[in-house]
Number of protein chains: 2
Amino acid sequence: MSIDDICGETRFDMSKVADVKEHLQHLIPDVAIERLSDTFKVLSDPTRVKIVFALLRSELCVCEIAEVVGMSQSAISHQLRKLKDHRVVKRRKAAKMVYYSLDDEHIIKLLTEGISHVREELHDPIALPLGERLR
Amino acid sequence: MSIDDICGETRFDMSKVADVKEHLQHLIPDVAIERLSDTFKVLSDPTRVKIVFALLRSELCVCEIAEVVGMSQSAISHQLRKLKDHRVVKRRKAAKMVYYSLDDEHIIKLLTEGISHVREELHDPIALPLGERLR
DNA sequence: TAAACATATGATCACATATTCATATGTATG
DNA sequence: CATACATATGAATATGTGATCATATGTTTA
């Protein structure tokens with residue numbers, strides 16, 4: 001079967017397609033695909049990314065984050081909820097305040113890899129010493 | 001200044017907030033934050049993630065991808081456009097067909113890290129030999 | 001316990017996004 | 001060159017998302 005015959009009405013190269021399908025199922029079940037895309041979705045918003053970068057430097061309470069990011073307390077609180085639901089951040093209560101910090105080492109690696117992609121995309125390096133962690 | 005005085009009406013610990021702000025600007029400019037979250041946004045959709053996983057196994061034409069993923073040709077084509085715009089995939093034309101393949105090594109690392117996060121989140125390991133590449 | 005304050009949350013609205021449908025584009029071939 | 005076929009794309013629609021506003025919750029302290 002020639003390569004040009006692969007597509008078209010019911011004329012797939014079934015063995016190839018079946019192989020890829022099986023590979024897909026073996027590699028990662030549909031449920032995990034959902035979870036995975038959800039994980040990326042958490043970092044798909046600039047406000048949340050900013051929050052994570054801020055927390056990379058230091059544990060912060062909600063109003064401090066709002067000040068740093070330049071957004072309302074309510075907006076930040078809503079976003080922190082999402083970050084917490086996805087275990088990206090954790091919180092510690094102290095008196096009236098609630099202090100947030102990063103909860104997952106993998107998030108930093110995710111960010112690092114994401115930046116590598118962006119750097120390649122831009123052909124314009126971004127300074128990024130991500131070796132540091134929460135102080 | 002006590003820790004309890006940090007928040008409240010105009011009573012931030014300005015030096016701390018200023019430090020984090022500066023850290024944020026130094027680490028990554030706002031423009032890059034946008035690009036970064038955009039990159040994650042590309043992988044925030046299950047259909048696109050499936051496409052990437054399929055292409056991890058083999059270069060595929062549009063109709064093969066549609067068959068593997070189980071979605072219409074049009075839907076796949078729209079998503080491929082987004083993946084291409086973000087340099088996640090590249091294409092090769094051959095006669096009537098257009099073959100897509102992965103275009104960025106970092107994407108695989110991104111997926112790997114994402115899976116690590118999901119795995120941690122689920123407390124339920126996902127099989128994942130991501131060592132392989134395009135054949 | 002009343003007031004002040006830090007945070008959380010529900011409702012709303014504007015905007016983004018994914019799929020579908022119809023159709024356009026482009027290429028091979030009878 | 002007309003037809004078949006592979007892919008791309010614009011419009012329409014349904015659903016999702018993020019910021020805002022108002023307000024609730026919870027904690028401290030006067």
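Naming: A, B, ... by sequence-line order, numbering from 1 per chain. No experiment lies behind these values; they were computed from the predicted model shown.
When the nucleotides D:dT7, C:dA6, D:dT9 are ranked by their closest atom to the side chain of B:Val98, D:dT7 comes out on top. Of the candidates C:dA6, D:dT7, D:dA8, the closest approach to any side-chain atom of B:Cys61 belongs to D:dT7.
Partners of A:Lys21 by side-chain hydrogen bond (donor to acceptor under 3.5 Å, both in side chains), not counting sequence neighbours, listed by chain and number: B:Glu67. A:Gln79 meets the side-chain hydrogen bond (donor to acceptor under 3.5 Å, both in side chains) test with A:Arg48; sequence neighbours excluded. Partners of B:Val52 under the side-chain contact (heavy atoms from CB on, under 4.5 Å) rule, at least two apart in sequence or in another chain, are B:Leu43, B:Leu83, B:Val88, B:Leu102, B:Ile107, B:Leu111. Contacts of A:Ser77 classified as side-chain contact (heavy atoms from CB on, under 4.5 Å), with partners at least two apart in sequence or in another chain: A:Gln73.
Counting heavy atoms from C-beta outward, B:Lys50 and B:Pro46 have side chains that stay 4.5 Å or more apart.
Following rounding to the nearest Å, A:Leu80 (CG) and C:dA8 (P) show an atom-to-atom distance of 7 Å. In this structure, CE of B:Met97 is placed 10 Å from C1' of D:dC5, rounded to the nearest angstrom.
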N/O contacts under 3.5 Å, protein versus nucleotides 12-17 of chain C?
from: C:dT17; atom 1: OP1; to: B:Lys41; atom 2: NZ; distance (Å): 3.4

Pull out every protein N or O sitting under 3.5 Å from an N or O of nucleotides 21-27 of chain C, one pair per line with the distance.
from: C:dC21; atom 1: N4; to: B:Ser74; atom 2: OG; distance (Å): 2.6

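Formation of a donor-acceptor pair under 3.5 Å by the A:Ser37 side chain with backbone atoms of A:Glu34 is found in this model.
The environment of CD in B:Glu22 is sparse: at most 12 heavy-atom neighbours from other residues, nucleotides or ligands sit within 6.0 Å.
Nearest heavy atom pair, residue A:Leu24 against residue B:Ala54, reads CD1-N, 3.8 Å.
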